Every structure is written in C-alpha cells, then in structure tokens.
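Since we're looking at a predicted model, the values are computed, not measured.
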Amino acid sequence: MNPFVYQSLPTRVVFGWGKLSALAEEIERLGARRALILTTPEQHGLGERVAALLGDRAAGVYPHAVMHVPLEVAQAARVEAVRLDADCCVAIGGGSTIGLGKAIAMDSGLPIVAVPTTYAGSEMTPIYGLTENRLKKTGRDPRVLPKTVIYDPQLTLTLPAQISACSGMNAMAHAVEALYAEDANPIVGFMAEESIRSLAQALPGVVNDPNDPHARSQALYGAWLAGICLGSVGMALHHKLCHTLGGTFNLPHAQAHAIVLPHAAHYNRKAAAEPLQRAARALGGSSASEVGALLYALNQKLGIPLALADIGLPPNGPAEAAKIACASPYYNPRPFEQGPIEALLTRALNGQAPA
C-alpha cells in the first residue's frame, strides 16, 4: 500500500429526519447567544421559521445570499452581523448561503452552524469562494469550517426534483475528483466510492417521487460523504472549469457541475484509470473508459440539461474559459491542455456526449 496522510475535520454532524429541532441545543453547545440566520431571498420564509424556533437566540434574518458570493454581498453581510451584535451564524440553504456564512466567518471568526437544504457539500469544507470583477477566487481557511452541521432530510422535500438532481450531481463531482486527487488516500477513497454509489441509487428515486423519505435520506447521506471528500483532499480539472464558468459567466452552480462532470471525467480516463474504474463500479459499470458515458446517461435519466448553452454559456465561452483555466490550473492527473479543454467545453456547450 502507498503511504498517505489523512487529516480529519473537526465538525460535529447531527443527521436525522426532523433534526432541525435540535438547532437551539446545538447553538447552546457553542456558547452562543445571538444567531444571525442567513438565507437566500427565496428561502426567507424558512429563515423566519428558524428565527421563531430559536426565539431570543435569533439576532435576525439576513435573506440576501446569492450565487458565487460576490464581494459586495459579503461585505454587506459582515456589516449586518456587527450591527446586530451576532456571535454566531446559522446558514440554512445551499452552497450560496453557506458560502456567505464563510465570508462572514473569515472576517470575524463567528462560528457557523450549517443546515443544508441541498446536496452542495460546502458545509463540510474549510473552502471559501468570493467573486470580484468576474473572477471567482477560492481558498482554504480553518476559520470558515462550520462547527456543527445539522442534516435534516425533511428540509430537502421542498427542493424541486430538477434542482435536487443537479445538486446531487454537483455532490457526485466532489467524490469523483477525490478519487484521483493529488492527496488522495484510502479513507477518502472509500467514502468517495460509497458517495457515488449512494447518490446514483438515490437520485432517480428523488426525481420519481420527491417526497420519498428513503430516497431523500440516502441522497443526503451521499452528499454528506461527498462533502467530506471535498473538504479533505484537493480537487482537479472539473472544479477549476466550474469555478471559471461560475465566476466569469455567472452560470448556475449545480447545473454547471452536472453538465461538465461527464466531460471532465472522460478527459482523465487514461491518466486516472484505476481511480475512475472505482467510480465506474459505483455507477454500475466496470472500466474507466465508461465513466463519462455512464455519468452522461445518468444526467439524461435525471432530466438534467445537457448543454451549457441552455444555462447561459455564450458561443465564445469555451475558448475564454479554457484560456482562463489554463492560466492558473489546479493539479490534475492529466496536464491542462488548452486545445483539448476547449474541445471538451465545446461538446458540453452543445450538449453532446463526451468524445
């Protein structure tokens, strides 16, 4: 066996149907007294429900989280946290909301209690992202890792089937890339394979019956494992491309991840043959060469858009995104090659299967 390093992350996880009811107790465990509740505008009502649940422990609701955490939004949220004398944040929602909580924590050190309502995985990572002047910059800082995460599958019932599917494939991307990460290790590899298998089994059930408690619980379990993968090891080509597409073209995060994943995995099929064979096995296949096609077929089965053009990428997008990505590449088992990456993105732009 190859030598490895595994660093576990110090986050408390509470998982179970109806566990939102434990929120006040978890805030008390942190020694906090005034929680600023963060949501997107669409989930303002849920934020108010949480405020009512917390009573005097709620400092207020800040319903202004948006995709990719624009710098000006982060700055305004930091000011609001100071104005309300908040000593912790409750980020309830998906990656946009949890990302806003991280932006506050990075500046102030306020602890975060995350309550995910999607499968994004940001809640399990010390990774933050901020967008300024059409460029999304990411980094790692232990201050932004949520202290506690409450996974309540019941809260995902309101997530539409189509968004659930895209969010689940976004989570799967974390697990796929963890298998061939530069700092991959057997522990994370085990969790990655289990995550891919769980999500591939659960997501069709969620799409067929969004109220199925078993499918919802299994999908959230798979997303939790994917989040651990994302927080424990580095990511590669797929995440670099999606960060570029999101920051530069403001494409919807989960949809972009879902569309790009089959193409990025196919790009790495030879350079990461053994890890991607494990991904193929979890998807019901047997060889690394199948992974791109298996992921593309799963997207089709889930009714996910297949073309980046359908979610807002312009015709010149592949060339610009490939150039930006290659200017500051992440680690990847196959070197970043601008021509092949532009070709990859062009196929994704048009909704074609991986070459």
Side-chain angles (χ1 to χ4, degrees), residues 36 38-43 62-84 86 89 91 93-110 112 114 118 120-146 170 173-174 177 230-231 234-257 259-260 308 311-314 316-332 336 338 341-342 345:
L36 176 61
L38 307 174
T39 74
T40 61
E42 295 78 12
Q43 291 191 302
Y62 189 77
H64 303 297
V66 294
M67 287 192 307
H68 309 304
V69 196
L71 181 60
E72 60 273 16
V73 173
Q75 291 170 335
R78 292 164 180 167
V79 170
E80 185 69 358
V82 172
R83 186 184 74 82
L84 293 173
C89 291
S96 300
T97 304
I98 293 166
L100 182 59
K102 289 179 174 184
I104 295 171
M106 188 167 57
D107 183 66
S108 65
L110 293 187
I112 303 168
T118 73
S122 175
E123 67 280 355
M124 292 303 299
T125 82
I127 301 169
Y128 65 88
L130 289 168
T131 300
E132 183 179 12
N133 298 325
R134 298 180 70 233
L135 289 177
K136 186 172 184 178
K137 298 178 182 179
T138 62
R140 286 176 177 260
D141 191 314
R143 291 176 299 173
V144 309
L145 179 70
N170 175 19
H174 310 329
E177 291 224 303
L230 178 65
M235 294 288 110
L237 171 70
H238 169 84
H239 282 74
K240 180 62 180 183
L241 293 180
C242 290
H243 289 158
T244 302
L245 293 169
T248 302
F249 299 99
N250 200 37
L251 298 192
H253 183 81
Q255 289 89 332
H257 273 270
I259 294 170
V260 171
L308 291 174
I311 62 169
L313 188 68
N316 67 330
E320 185 176 357
K323 182 178 180 180
I324 293 171
C326 290
S328 56
Y330 293 177
Y331 162 82
N332 194 62
F336 276 52
Q338 188 168 333
I341 289 173
E342 182 179 343
L345 289 171

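Every salt bridge (charged side-chain N to carboxylate O under 4.0 Å, His left out) that D141 has, sequence neighbours left out, goes to R143. Listed by chain and residue number, P70, V73 satisfy the side chain to side chain contact (heavy atoms under 4.5 Å, CB included) test with V66 (two or more places apart in sequence, or in another chain). Taking A65 as the reference, T40, T97, L100 meet the side chain to side chain contact (heavy atoms under 4.5 Å, CB included) condition, with sequence neighbours excluded. By the salt bridge (charged side-chain N to carboxylate O under 4.0 Å, His left out) test, E80 is found to be paired with R83, residues two or more places apart in sequence or in another chain being considered. Applying the ring pair (Phe, Tyr, Trp, His ring centres under 6.0 Å) criterion to H257, with sequence neighbours excluded, gives H238, H239, H253. Every residue was checked against the side-chain hydrogen bond (donor to acceptor under 3.5 Å, both in side chains) condition with T131, not counting sequence neighbours, and none meets it. Taking the salt bridge (charged side-chain N to carboxylate O under 4.0 Å, His left out) definition, one finds that R140 meets it with nothing, sequence neighbours left out. Residues passing the ring pair (Phe, Tyr, Trp, His ring centres under 6.0 Å) test with Y62 are H64, sequence neighbours excluded. Listed by chain and residue number, A120, L159, S167 satisfy the side chain to side chain contact (heavy atoms under 4.5 Å, CB included) test with T118 (two or more places apart in sequence, or in another chain). Applying the side-chain hydrogen bond (donor to acceptor under 3.5 Å, both in side chains) criterion to Q255, with sequence neighbours excluded, gives no partner residue. Every residue meeting the side chain to side chain contact (heavy atoms under 4.5 Å, CB included) condition with A325, not counting sequence neighbours, appears here in chain and number order: K240, L241, T244, F336. Take T39 and apply the side-chain hydrogen bond (donor to acceptor under 3.5 Å, both in side chains) test, not counting sequence neighbours, and it matches no residue.
Contact of the L230 side chain with the M124 side chain is not registered, since no non-hydrogen atoms from C-beta on lie closer than 4.5 Å. With a 4.5 Å cut-off on side-chain heavy atoms, K102 and I112 count as touching. H243 has its side chain within reach of Y330: a pair of non-hydrogen atoms, C-beta onward, lies under 4.5 Å apart. Side-chain atoms of Q43 and P63, non-hydrogen and from C-beta on, never get closer than 4.5 Å to each other. Between L130 and K137, the closest side-chain pair of non-hydrogen atoms is not below 4.5 Å. Counting only heavy atoms from C-beta outward, the side chains of H174 and T125 never approach each other to under 4.5 Å.
Here the closest heavy-atom approach between residue P126 and residue L145 is recorded as N-CD1, 3.8 Å. Between A321 and L245, the closest heavy-atom pair is CB-CD2, 4.0 Å.
Between the CZ atom in F249 and the CG atom in N316 there is a gap of 6.0 Å [rounded to 0.5 Å]. Atom CG of L308 sits about 5.5 Å away from atom CG of L313, to the nearest 0.5 Å. Taking CE of M106 as the start and CZ of R78 as the end, the distance is 5.0 Å to the nearest 0.5 Å. From L38, atom CG reaches atom OG of S96 across 12.0 Å, with rounding to the nearest 0.5 Å. The line from SG of C89 to CD1 of I104 is 4.0 Å long, rounded to the nearest 0.5 Å. To the nearest 0.5 Å, atom SG of residue C242 and atom CD1 of residue I259 are 9.0 Å apart.
Remark: side-chain polar atoms of E177 are paired, donor with acceptor, to backbone N or O of A236 under 3.5 angstrom.
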Hey, mind stepping through Y331 and M235 against side chain to side chain contact (heavy atoms under 4.5 Å, CB included) and telling me if it holds?
CA-CA 7 Å; Y331 162 82; M235 294 288 110; over 6 Å; no
Apply side chain to side chain contact (heavy atoms under 4.5 Å, CB included) to residues I341 and C326 and explain how you reach the verdict.
CA-CA 9 Å; I341 289 173; C326 290; 3.9 Å; yes
How far apart are the C-alpha atoms of L71 and N133, what are their side-chain angles, what is the distance that settles it, and do they pass the side chain to side chain contact (heavy atoms under 4.5 Å, CB included) test?
CA-CA 9 Å; L71 181 60; N133 298 325; over 6 Å; no
